[in-house]
Amino acid sequence: MSLKKDLRLKKRAQFLNVYSKGKRFNAQYLVIYFLSGKENKLFGFTVSRKIGKAVKRNRIKRLLREIVRVNVDSFPDGVWYVFNTKKIAKNAEFKDFESDIKKFLNWLNEKNFN
RNA sequence: GAAGAAAGGCGGGUAAUCGCAAAGGUUUUAAGCCUUUGAGGAAAGUCCGAACUCCAUAGGGCAGUGCGCCGGGGAAAGCCCGGUCUCUGAAAGGAGAAGGAAAGUGCCACAGAAAAUAUACCGCCCCGAUGUUAAUCGGGGUAAGGGUGAAAAGGUGGGGUAAGAGCCCACCGCUUCGAUGGCGACAUCGGAGGCAUGGUAAACCCCGCACGGAGCAAGGCCAAAUAGGGAAGCGUACGAGGGUGGCCCGCCCCAUGCUUCCGGGUAGGCUGCUUGCGGUAUCGGGCAACCGAUAUCCCAGAGGAAUGAUUACCCGAGACAGAAUUCGGCUUACAGCCUUUCUUCCACU
RNA sequence: GUCCCCAUCGUCUAGCCCGGCCUAGGACACCGCCCUUUCACGGCGGCGACAGGGGUUCAAAUCCCCUUGGGGACG
């Protein structure tokens, strides 16, 4: 894993909490849910069976984790994040996910300044 | 050299930087640092078989399911190896759920005379009657030919006959008896019979063999909140109830009372969890599957789930694909490459 | 992960157990014609499917095996 275990969402209840109470950001290949007001910073990753078989799903999760690991300091504290993949992410590359996440971070910063 | 067949193996490599998981060591509150290890031949499908765990002791019967040539291997298997037979290919080879249809039952559409106690549509032949003939009618013989069908009651050839027919003969097939070889399936040879026994058992079924059920989300331990009960022992009574087997018998539990004890259990956590019918090498036995001996090694163990990213170079430019309790198989997917053996054809010596 | 179930026209289904009459029936939908001034209703006709591959059999939607695609239970 390219991201420490302490920084990951683990329980199904936590995921459901983010889905139901959190906000949503649509990018090209990703849908990012986030819920603020928490005491720590956690990340969760979800890849549907519709994307492909186990090898492909694992690869996408690893790519996402790597991007988050590199940019972990750019994410605001006290927020839980969940990354979902869209169906078109089947053929996406590392750079595609990277630009999506950069876009999300810029959007967050703008909101905070406003 | 070309085309092809079989068996076995490999499944990009090297380096740098940043990272992940486990184990060990170390400073030690957390955490950090160092070292080592870290997906497959199919990890897949979940199609068989086991180990392990629980269920009521896993017993008897019925039902049900699966398997089915012979010998060997294996813990077992819808498994493997060797052989037999049948089918198939020019050959090397390949394929086969391959017992029983002379125990019984069922089915065999359409077509056809007839689909299993055989029968007779067109025919062929004989006799009789009518008739010049042709032919028609009646009685009988026959199943060679035609036609139908997936399949027509041994096949081909000859003799024979009024026409025909295993009616007779030869060969082939079949049945049966014997001999020889083989552990055996079976094969070969010889004699006899004069043909009886259509197909279908991945139709019911018969014979033989095997099978109790569930599955690591099994099961065990610790244990918030909430709710108040739960467990053990003894005694009595009843088959009416309950207990996850498809059913029956058998088996186990018990309403309630008394005594003793404090535990049961959800969220959650820990465990089961990786040393095993283990791998590798050498030697020996065996055609082989496999077995034995010796030496040596420890080789993933997660739990929203670890192997990734970037860069550089090389080549033939990298397929199918990711462990989840563990093994033995089967099946399915798979770019390209290597090794060995064999078959056929062509060329040369 | 472990254990199960299902697959037939565009949609819902019958046939499968017990093979042949299946060139696979019906309803809704779609298309054309008739009826009506027109639409609807009604009538007639048409289009249209056995998930894929292999095996058993004379013959497979049906029996057997493999694959593919859906769905469910167990936290």
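Residue numbers begin at 1 in each chain, while the letters A, B, ... track the order of the sequences.
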- For B/A309, take OP1 and OP2 only and decide whether either is under 4.0 Å from a side-chain N or O of A/R62.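 Checking B/A309 against A/R62, no side-chain N or O comes under 4.0 Å of OP1 or OP2.
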- Which way is the base of B/A31 turned, syn or anti, if we draw the line at 90° from 0? anti
- Task: Would you mind telling me which residue lines up with the more 5' stretch of RNA chain B, A/F94 or A/K56, judged by nearest nucleotide?
- Result: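 First, find each residue's nearest nucleotide; the 5'-ward one identifies A/F94.
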- Item | Closest-nucleotide 5' rank along RNA chain B - winner of A/V47 and A/R59 |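 By nearest-heavy-atom nucleotide position, the 5'-most residue is A/V47.
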- Query: What closest approach, in Å, do A/F34 and A/R24 show between heavy atoms, and which atom pair accounts for it?
  - Reply: CE2-N, 4.3 Å
- Query: Looking at A/L30 and A/K86, what are the two nearest heavy atoms and their distance?
  - Reply: O-CE, 3.8 Å
Spacing between [X] atom [atom1] and [N] atom [atom2], to the nearest angstrom:
X: A/E98; N: B/G308; atom1: CD; atom2: P; result: 18 Å
X: A/N58; N: B/A323; atom1: CG; atom2: C1'; result: 11 Å
X: A/R57; N: B/A323; atom1: CZ; atom2: P; result: 10 Å

- Message: Between the base of B/G304 and the ring of A/F45 - centre-to-centre under 5.5 Å, planes within under 30° - is that a stack?
- Response: no
- Query: Of all the nucleotides listed (B/G304, B/G322, B/G308), which has the minimum atom distance to the side chain of A/V55?
  - Reply: B/G322
- A/R69 with A/E66: basic N within carboxylate O range, under 4.0 Å: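 Result for this pair is yes, salt bridge flagged.
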